[in-house]
Amino acid sequence: AQTVTQSQPEMSVQEAETVTLSCTYDTSESDYYLFWYKQPPSRQMILVIRQEAYKQQNATENRFSVNFQKAAKSFSLKISDSQLGDAAMYFCAYRSEGAQKLVFGQGTRLTINP
Amino acid sequence: NAGVTQTPKFQVLKTGQSMTLQCAQDMNHEYMSWYRQDPGMGLRLIHYSVGAGITDQGEVPNGYNVSRSTTEDFPLRLLSAAPSQTSVYFCASSYSIQDGYTFGSGTRLTVV
């Protein structure tokens, strides 16, 4: 069974600085998808960024980018120019090719210091 | 475009009561799922559906039933509520496997 591990329960960063959230996963599959979700205090789960395992190029969405290392089974999220609105829980998630299930990590709580 | 709509947002039940959490999406998504979120455990899959008339169990299905009579609706039924079912419940849908799920706003359920 696939597992997703986020080893940083909490992180903090100064506003306008850059922060990287870590995620590792365990799988024997070669085709899969990886996601980062943001959960602000409103509780809403918001998709931040996604990565297809067959793509070597790292995904980027505005200030959010990932460092996808397939051999190391690592999928970190970098947030540049952090803003107060980035404060939230961040969840890494894995989805197999052909599978319904999203496997989530335990989450990292990100605090932005003004 | 409402996305994924969950009702109610909050609910308190007594042990042994039954209830249905409603979920509806207007995006014509075939894939729908129910997750529960507990502190320190991320989100865990309860049940899922790949289309109308097709459902299957996820990771933690005990105590819950689902049905999918239409593409739009995917209700979750608690048969006999237990304190262990106190959690936040999320309904989610997606168009395809490679898409990320779109989540509803969640239902906070407390069983006393």
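From a predicted model like this one, the values you see are computed outputs, not experimental measurements. Chain A is the first sequence line, chain B the second, and so forth, proteins listed ahead of strands; every chain is numbered from 1. Quick note: numbers below take in every heavy atom, side chains included, and nothing from hydrogens, waters or symmetry partners.
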Mind checking whether [X] and [Y] have side chains closer than 4.5 Å, heavy atoms only?
| X | Y | value |
| --- | --- | --- |
| A:Tyr33 | B:Asp99 | no |
| B:Ser94 | A:Arg95 | yes |
| B:Tyr48 | A:Lys101 | no |
| A:Gln39 | B:Phe90 | yes |

Enter the distance from B:Phe103:CZ to A:Leu102:CG here, rounded to the nearest 0.5 Å. 6.0 Å

Are [Y] and [X] co-members of a hydrophobic cluster defined by side-chain heavy atoms under 4.5 Å apart?
| X | Y | value |
| --- | --- | --- |
| A:Phe35 | A:Val4 | no |
| B:Leu76 | B:Ile54 | no |
| B:Phe74 | B:Val60 | yes |
| B:Val112 | B:Leu79 | no |
| A:Leu47 | A:Trp36 | no |

Minimum heavy-atom distance B:Gln37-A:Phe91, with the two atoms named: NE2-CZ, 3.3 Å

Counting heavy-atom pairs under 4.5 Å with chain B, which one of A:Gln6, A:Met89, A:Arg50, A:Glu52 comes out on top? A:Arg50

Do the numbers put A:Arg43 on top of the ring of B:Tyr89, so that NZ or CZ is under 6.0 Å from the six-membered ring centre and no more than 45° off the axis? no

Show the numbers, then the answer: is there a side chain to side chain contact (heavy atoms under 4.5 Å, CB included) between B:Leu43 and A:Met45? CA-CA 11 Å; B:Leu43 282 78; A:Met45 294 287 288; 4.0 Å; yes

Please indicate whether A:Arg109 has more than 12 foreign heavy atoms, meaning atoms of other residues, nucleotides or ligands, lying under 6.0 Å from its CZ. no

Atom NZ of A:Lys78 with >12 non-hydrogen neighbours under 6.0 angstrom: no

Check: B:Tyr101 ring centre within less than 6.0 Å of A:Tyr37 ring centre: no

Tell me which of these, B:Gly58, B:Gly42, B:Ser105, has more heavy-atom pairs under 4.5 Å with chain A than the rest. B:Ser105

Chain A contact via B:Arg108 - which portion, at a heavy-atom distance below 4.5 Å: both

